[in-house]
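We count ligands from 1, going down the list as the structure has it; atoms in each ligand are counted the same way. In this chain, numbering begins with 1 at the start of the sequence shown.
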Amino acid sequence: MKVLLTGASGQVGSCFQDLVSKKYPQMTLLATDRSQLDITDAAAVDRVVAQFQPNVIFNAAAYTAVDRAESDPEGAWSVNVQAVENLSLAAQRHHAFFVHISTDYVFNGEADKPWVEDHPCDPQSVYGSTKLAGEKAAQVCDQTIVLRTSWVFSEYGNNFVKTMLRLGKERPELSIIDDQRGCPTYAGDIANAVMQIICADERPTGVYHYSGLGEISWFGFAETILQKACTHGLLAKMPELKPIPTTQYPTPAKRPKYSVMSTKKIVAAGIKPVSWLPSVDLVLQKLKSSLP
Ligand SMILES: NC(=O)c1ccc[n+]([C@@H]2O[C@H](COP(=O)([O-])OP(=O)(O)OC[C@H]3O[C@@H](n4cnc5c(N)ncnc54)[C@H](OP(=O)(O)O)[C@@H]3O)[C@@H](O)[C@H]2O)c1
């Protein structure tokens, strides 16, 4: 199988590359980061797809700077919508299966039970709106799966686990939002789910939710990360943690209050989400072993 990966140096892209090199060496992977393939360049996308003739195009690229997007809607649109259409049109033309990742930010966060795939969307931010439009652009290709995920962390890039580790070393006390709930998801588990999808005899198409098992608040997630960091010897002392409401931490982009997504549909398709808890240990171990 020939797979074209875009956004290869992001969290999910990096984990997918690791998975292929460790467990799927027979797969022909063309992993491209922005310098090798800028997906906003339609001609470049066409050229690469025509030359490589992939069976699968996996788009792990996105404009993920949620707050910056509020003042740069054109930039967010070009990567999260226009570029996705470039890829989905190329996939359609070359009969490739298209895998695209979306987000819990397509919902407004006003719920008290897990969001299901066909619940009406109501994004509250530029990022969320562009990701929702990107879902439609992705489905221009008949053979497309859109995987919505949430609260992604890994040993790569920027994420909450790495931020907590840095702040935990720098500050004796941290104030963390306690009234937003969601499901953290390890990028390596997303990579695994994508691999199961593309290797399936009958690949599922349409919109699916995939996130780590176990809902928690940012405060609870921070507490877990920092306690584990102490256990792993990455942190000398547990900082004092103070739960705060969202109102005390204003950001340019509004965050969903309740982001938990139902994963029943993907489970029915044969893919089982896993708990994010052991992946926090895994990431901390990897970060520890990468220290000089
Ligand atoms: N992170 C989260 O918490 C989260 C939550 C829900 C859903 N998601 C979704 O999950 C997917 C993967 O997220 P992630 O956390 O792995 O993102 P990430 O670490 O920010 O990686 C995104 C990658 O996309 C690349 N990129 C941006 N513009 C590009 C362009 N024009 N051409 C080619 N590459 C480009 C970036 O390259 P540069 O570094 O050069 O900009 C970066 O390597 C995204 O679709 C995201 O919307 C993420």
Heavy-atom donor-acceptor pair, Lys169 side chain to Leu235 backbone, under 3.5 Å
no
Among all the protein's heavy atoms, is there at least one whose distance to atom 39 (O) of ligand 1 comes out below 4.0 Å?
no
For Ala60, is at least one N or O under 3.5 Å away from an N or O on ligand 1?
no
Between ligand 1 and Asn159, can you find any atom pair, the residue atom being a heavy atom, that is separated by under 4.0 Å?
no
Are any of the heavy atoms in Tyr156 under 4.0 Å away from ligand 1?
no
Would you mind running through ligand 1 and noting each atom that sits below 4.0 Å from a heavy atom of Asp38?
30 (C), 31 (N), 32 (N)
Does the protein place a non-hydrogen atom closer than 4.0 angstrom to atom 36 (C) of ligand 1?
no
Of Asn55, Val3, Val56, the residue whose pairing with Met27 passes side-chain contact (heavy atoms from CB on, under 4.5 Å)
Val3
Atom 19 (O) of ligand 1: the protein heavy-atom neighbour that sits closest, reported with distance to 0.1 Å:
Gln11 N, 2.9 Å
Using ring centroids (six-membered ring only for Trp), state whether Trp151 and Phe160 fall under 6.0 Å.
no
Under 4.0 angstrom from ligand 1, any heavy atom of Ser102?
yes
Let's go through Ser259 and Asp104 carefully: what are the C-alpha distance in whole Å and the side-chain angles of both, what is the deciding distance for side chain to side chain donor-acceptor pair (under 3.5 Å) to 0.1 Å, and is it a yes or a no?
CA-CA 6 Å; Ser259 265; Asp104 53 311; 2.6 Å; yes
Using a 4.0 Å cutoff against the non-hydrogen atoms of Val12, which atoms of ligand 1 qualify?
12 (C), 16 (O)
In this structure, does ligand 1 have an atom that sits under 4.0 Å from one of the heavy atoms of Ser9?
yes
Could you state whether Leu213 and Val116 fall into the same hydrophobic cluster, counting links through intermediate Ile, Leu, Val, Met, Phe, Trp or Tyr residues with side-chain heavy atoms under 4.5 angstrom apart?
no
